[in-house]
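Taking it in order: structure first as structure tokens, then the write-up.
Side chains are part of it too, since the values below use all heavy atoms of this structure and drop only hydrogens, waters and symmetry mates. For clarity, every value in this text was computed on a predicted model and none was experimentally measured. Every chain is numbered from 1 and lettered A, B, ... according to where its sequence line falls, protein lines coming before strand lines.
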Amino acid sequence: MNLIDLGVVINTLWIGLIYSLMAIPLTISYKVTRVLNFAHTSLVTVGAYVAVILSLVYPDFFSNVFVALIAAFFAGAIVAILNHKFVYRKLMDKEASPVILMIASLGSWIFLKYLIYSVISIVSKVIKKDLYFAVPAFRYTLNLNFLGISNPSLTYSLILGISLIVLTFVVFYRTSFGKAMRAVSDNPQLAQISGISDESVMTLTWFLCGGLAAISGVFWAMFSYASPEFADSLILQVFAACVIGGISSIALTILGGFVIAGAENILMSILYNLIGLDLSFRPFLSFLTLLIVILVRPPAGAAGGLPYRLKFKRERKWT
Amino acid sequence: MDVVGFLVSWITLFSIYSILSISLNLEAGYTGISNFGKAAFYGIGAFFAAVISLSAFLMLNGLSYPLYSLETIISMGTLSKQNPILSILIFLFTVVLAFFVSGIAGYMVSYPTLRVGPAFLGITVLSFGELLRIFLRNFQPTGGTYGLAGIPHPFAFIQDPAVKDFMFMLVTLVILAIMYIFSEKFVNSPYGRIMKSIREDEIASLCLGKDVPKIKAQVLFIGSGMAGVAGALLAYYMGSINPDIFVPSLTFEVWAMVILGGLANNKGALLGAGIITFLNRASVILNFTFQNLPIDVNYIRWMIVGLLIVASLLFKPEGLIPEDPKSSFIWNFVEEKEPISLKKRMEETSKKVKFYIKKVFDWFAMGGG
Amino acid sequence: MSEETKVTKPSSGVLPRLLAAFVIGLILGGLGTFLVQSSQYSAQLSDLQNRVNTLQAAVNALNTTKIYTIGVSFPLTGELSDVGNQWKTVAQMALNDLNSELANENVKVQFKLVIVDDKTQAQDALTAVQSLAQQGIKVVVGPAASSQVKAVKAYADANQILIVSPSSTSPTLAIPNDFIIRTVGSDAVQAEALAKLAFEQGARNVVVFYRDDEYGQAFAQFFNNVFSSLGGKATLTKYATGLPDYASEVAQLSSQVKAIGADAVVMISFDTDGANILGHAKDDPTLSSVRWFSSEGVHGTTQLLSPEIATFIRKVNLLGTRPVFKENPVYIDFAARYKSLTGRDPPVFAANVYDSIILVGKAILLAGKYDGAAIRAAMFKVASNYYGASGWCILNSAGDRMYQDYAIWTVSSVNGTYEYQDIGSYSGGTITWG
Amino acid sequence: MQWAVAKVRDILRVENISKRFGGVVALDNVTLSIREGSVTGLIGPNGSGKTTLFNVVSGFYPPDSGEVYFMGNRITGLNPNEIYNLGLVRTFQNPRLFPKLTVLENLLVAAESKGENMTRSIIKRNWVSNEIELIKKAQEITKSIGLEEVKRSIASDVSGAHMKLIETARSLMNNPKLLLVDEPAAGISYSAAKSLFNYLLELKNRYGLTLFIIEHRIDILMNYVDYIYVLHLGKLLSEGTPEEVLNDKKVIEAYIGD
């Protein structure tokens with residue numbers, strides 16, 4: 001029996017890419033600002049809907065993917081920066097702990113989510129179009145055949161996504177801004193002393209992360225659809241990808257994205273064909289993978305909670 | 001408006017959520033275990049209570065329907081009303097056992113605490129919760145996605161629904177009080193001191209001879225057990241449960257309650273639970289007042305909830321009732337006092353009261369004289 | 001005490017204290033007097049007030065219209081938020097129709113809706129229904145999902161709040177003598193219709209691809225029973241709900257169809273997932289070469305009308321069933337009005353939502369009083385001779401819709417654009433084409 | 001007491017301990033022993049493995065090979081908490097206090113209280129008398145150590161010098177037998193360091209301790225210790241009385257080379 005189809009492999013590639021693309025800004029923003037940002041989902045949704053609404057309302061101008069992507073980038077960046085200025089910055093000034101920041105991000109997530117709902121319902125009434133499972137109008141105008149994959153939006157986002165990831169790497173590891181970000185993430189006090197402005201680096205980080213998150217939302221809308229809830233149902237997988245990367249390394253985060261995608265697709269396919277595991281176990285597999293990864297080989301930064309060894313292990317070794 | 005009904009239903013849910021927030025406070029506030037899988041243990045308790053009470057009723061009446069079937073739901077409607085003592089007994093039995101079942105699950109889940117650092121514990125327990133939920137969705141004996149319905153209410157024999165709900169509210173309040181008192185006892189004892197020391201610096205506590213993993217596991221046992229009790233209460237209150245109630249967002253809601261009220265303060269946990277459950281409920285008033293807004297009033301409701309969380313954190317990042325490091329029992333000793341007995345405390349209080357009464361009288365006497 | 005105070009008589013502050021004591025005494029005295037007096041007169045006063053009130057009420061009743069409030073609990077956010085938001089429009093449409101009809105006939109009664117969001121969550125549905133009931137509301141239209149209806153059932157039964165769900169189809173809710181009324185037919189009949197349709201169309205070996213929830217689970221079971229008894233073979237495959245994308249599921253489906261050599265796929269889905277599945281299936285050669293059948297869930301979504309999916313639907317000749325009475329003038333009128341209002345076809349169960357509101361309104365009128373039990377009794381009477389957008393709404397003893405006819409729908413090209421079309425109907429166990 | 005008479009005087013014996021981190025050899029076949037009642041120093045350049053040795057002895061890391069004996073019992077691979085409860089106590093180079101607890105509570109955490117048991121802690125009667133004893137003991141220690149005025153404050157509010165004192169005071173709470181002190185004089189003035197060492201000696205005499213001290217400042221250390229071990233690059237370079245070690249060529253080379 002054929003265990004894996006080509007379609008499964010392509011899905012793994014594509015979904016792994018989108019997970020990575022969504023997880024990278026989450027990792028970077030956590031590294032630099034120490035905020036485990038739940039409002040990330042809202043940024044993704046904002047990006048998707050900016051592209052969808054603009055391309056539906058001004059089809060002439062926004063029929064170009066790149067224009068829509070840039071618009072989405074700025075929208076996401078602005079929301080992220082506003083969120084930072086009005087919530088995180090103020091809390092950081094009061095020396096709030098990371099847990100408090102996380103709960104604050106939860107609060108802004110709830111707020112932004114229903115704000116998006118409201119905006120969508122108003123716009124939908126004004127332009128008299130269904131915006132719930134909407135796809136950007138330019139999805140139909142793309143035309144590119146790549147490696148025999150006939151889905152043009154998939155091809156586009158694969159190419160664009162990979163180049164974006166490369167770009168992020170370059171920004172993070174090869175530019176002075178990236179250096180400043182890494183400095184702040186390693187030691188904020190030291191960075192401050194050596195003349196790197198904490199606040200401007202954070203603002204720029206949110207600009208970059210918000211924009212990237214929004215772009216990943218556009219890709220998702222191109223490939224699948226945009227709804228106010230889609231990012232919420234993705235977020236746990238995206239977090240899992242980050243955690244496998246230890247929420248520290250970009251390369252490992254990308255690996256994490258592909259590991260989760262592989263578990264959901266390739267592993268699912270194998271188990272399905274071998275033992276007839278129900279397809280409804282797909283999310284089960286991604287969490288199982290996460291647990292196994294955490295327990296068997298803890299990612300960087302996750303291990304070393306305590307210098308403590310369990311009894312049964314110790315006795316086998318030393319007694 | 002039915003004020004009594006509002007209060008009864010609010011207080012019932014408030015108590016259930018308070019048990020959750022107190023248990024999370026024990027774990028996260030006092031011991032520093034970032035448990036993001038609260039919903040899992042809540043769900044274990046709920047499903048345990050539902051399965052046990054349904055199968056007990058079916059078995060005692062010699063019926064053998066599947067637990068989730070239509071026949072079960074219909075027969076429960078009459079069976080639950082027949083024997084008051086039996087239903088109350090089964091209720092108490094399952095609530096107590098739910099504590100232990102969920103607690104043991106929590107104890108076992110604590111194994112990862114040895115393997116991963118505190119930052120990653122949260123996501124580990126969260127994934128455990130999701131695994132459990134997806135498993136339950138696919139596990140037919142407990143109804144799968146049908147969930148379980150017809151869970152016999154302990155006071156089903158009472159005819160008047162208002163009285164029935166009131167009785168249930170009383171029971172949940174009593175259970176909440178027990179949980180509250182127990183957690184206060186814990187945190188004000190030397191055990192609570194060690195819990196706090198683990199939160200502050202677990203490596204230092206380990207080097208000071210504390211078996212940190214064991215204590216963490218015990219705290220997870222207590223906390224998860226409490227969550228299990230809350231779950232059992234929810235199952236009886238709603239009369240039906242399904243796996244999709246126990247989603248991660250429920251855990252986050254409880255977290256918001258604890259943070260809002262103030263970490264490491266049981267009163268804060270109560271206040272946080274009270275505020276959020278009250279907001280969820282009372283904001284429905286907006287639906288009655290504002291009908292034809294351009295934005296749906298429901299969205300505005302939830303937006304207000306989000307804003308309030310953010311705003312309260314901005315203005316009081318440490319919570320509405322912040323932790324009082326000097327509140328613990330040990331503080332009584334520092335003044336080189338013997339521990340105050342209840343009798344003595346009452347004497348002192350009555351002395352104080354007399355003193356103030358006397359002062360007031362004096363005041364008038366002076367003015368008058 | 002007295003001695004000491006005499007000795008250390010304060011040199012200052014006597015006067016203010018005296019004054020304060022005097023004021024306090026005055027206030028206390030005044031309050032006491034008021035209380036005593038008011039208790040004397042209160043009995044007479046309240047009696048008088050009562051009489052005035054009764055009179056006033058009688059006068060008012062003659063002049064002003066009576067307003068009844070109907071509670072609505074819809075999933076405006078969460079998984080079913082799309083249909084929930086469209087139902088909101090439908091519900092308001094029904095309310096306007098009801099009110100204008102009453103106004104035309106000079107009945108001095110008007111209805112009002114209070115729409116509460118239940119987040120597609122069981123516990124929030126209970127909170128919503130409780131909150132509505134505590135505001136004095138006795139009838140609630142909604143909630144949408146069966147799990148939510150179950151969650152509110154205990155409360156509704158105990159407090160006699162009538163729950164009218166337009167979309168819950170779970171067989172485990174067919175309970176007699178409860179306060180749950182479902183204005184939608186059981187999926188057992190629709191599954192039978194779909195099975196017979198598939199069999200008649202030549203399918204013998206099908207994969208039933210269904211969503212893993214109460215709706216999908218029950219539907220697939222019923223379908224399997226009927227299809228097997230007809231002599232076909234059905235393989236059940238379920239997929240997780242609430243996922244943002246179903247590309248992986250479709251890939252698996254494709255390999256399964258290939259593996260067992262199935263000749264058709266029967267999709268039992270809601271709108272989000274269904275449209276998404278079709279959107280991915282169109283790129284798959286295996287899935288493009290078998291027939292497709294579908295339940296009603298995906299009917300009405302705009303995505304199916306996009307050229308790429310519609311082409312696929314034509315290619316695989318997708319046929320679906322949906323609960324509606326074909327050639328129903330009420331429905332045709334309703335659908336046209338809905339389309340002119342929103343620019344799209346009515347979503348799934350829209351007709352049932354519409355009828356639920358109308359039925360509830362009429363039941364309240366018939367009952368003559370705002371009381372759960374009375375409205376429930378009236379509901380059965382009203383429904384037994386009500387013909388609405390969803391056809392005859394007669395209820396059986398379990399409070400569920402007794403007869404439901406089904407249309408067979410597909411998407412076809414009309415003047416260059418694609419549209420939903422009903423090409424047949426299923427009534428009383430037989431399929432009629434045309 | 002069943003120990004062999006010859007071994008009674010060695011409170012701690014470290015035999016052939018090796019520890020590797022990845023490719024780096026932190027400890028290479030280190031063997032040393034500490035006499036009961038002595039003050040032993042451990043010196044060596046940065047990165048020579050001193051703290052690693054402490055970590056291995058106190059149970060932080062299991063050694064790759066070799067054994068550790070404490071009072072004649074093998075404690076290799078025991079967990080830090082078990083080793084602590086045997087009476088082998090370490091302090092940290094940077095004080096690791098519990099910032100949100102009061103100073104007194106910081107001390108009490110270090111003691112073994114009867115109310116530490118989960119089930120016993122619920123009923124106050126079980127532990128209250130024990131608690132009072134412990135508090136009295138803590139009061140005694142704070143008084144003798146000069147923490148009287150800060151004992152009521154929150155640990156994060158006290159000064160850095162006090163923090164170091166609290167760290168030391170805390171280590172005395174559970175009747176230790178051997179105290180591993182990690183750089184007690186780092187970052188304080190010469191005179192303060194001297195008085196600190198004087199004070200440590202006084203404690204040793206009062207509580208019958210054995211001290212094992214890591215110290216960078218050899219000049220101060222030399223005046224107080226009975227015996228010195230020198231570590232260099234994970235290996236034991238030299239040992240002996242302070243005079244012997246100071247005159248050892250290898251030690252001088254190692255320090256100059258550093």
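For Pro283(A), the part sitting under 4.5 Å from any heavy atom of chain C is the side chain, from C-beta outward, and nothing else. With a threshold of 4.5 angstrom between heavy atoms, Tyr114(A) approaches chain C through side-chain atoms but not through N, CA, C or O. Heavy atoms closer than 4.5 Å to chain C are found nowhere in Leu131(A), neither backbone nor side chain. Neither the backbone nor the side chain of Tyr210(C) comes within less than 4.5 Å of any heavy atom in chain A.
No side-chain donor-acceptor contact under 3.5 Å links Glu229(A) to the backbone of Glu79(C).
Counting heavy-atom pairs under 4.5 Å between each of Phe281(A), Phe230(A), Trp220(A) and chain C puts Trp220(A) at the top. Comparing Asp212(C), Thr89(C), Asp245(C), Leu76(C) by how many heavy-atom pairs each has under 4.5 Å with chain A, the most go to Asp245(C). Most heavy-atom pairs under 4.5 Å with chain A: of the set Thr237(C), Asn276(C), Thr302(C), Thr77(C), this distinction falls to Thr77(C).
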Ser224(A) vs Tyr246(C), side chain to side chain contact (heavy atoms under 4.5 Å, CB included): CA-CA, chis, key distance, verdict: CA-CA 9 Å; Ser224(A) 190; Tyr246(C) 292 89; over 6 Å; no

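When all heavy atoms of Thr272(C) and Tyr225(A) are compared, the closest pair comes out as CG2-OH, 3.1 Å. Minimum interatomic distance between Ser233(A) and Leu243(C) (heavy atoms only, all atoms of both residues): OG-C, 4.4 Å.
From Asn85(C), atom CG reaches atom NZ of Lys125(A) across 8.5 Å, with rounding to the nearest 0.5 Å. Once rounded to the nearest 0.5 Å, the distance linking OG of Ser248(C) with CD1 of Ile266(A) reads 10.5 Å. Interatomic distance, Asp278(A) CG to Gln252(C) CD, rounded to the nearest 0.5 Å: 11.5 Å.
Residue Lys315(C) places its NZ atom among 12 or fewer non-hydrogen atoms of other residues, nucleotides or ligands, all under 6.0 Å distant.
When each of Lys238(C), Glu249(C), Gln256(C) is checked for a side-chain contact (heavy atoms from CB on, under 4.5 Å) with Leu279(A), only Glu249(C) meets the rule.
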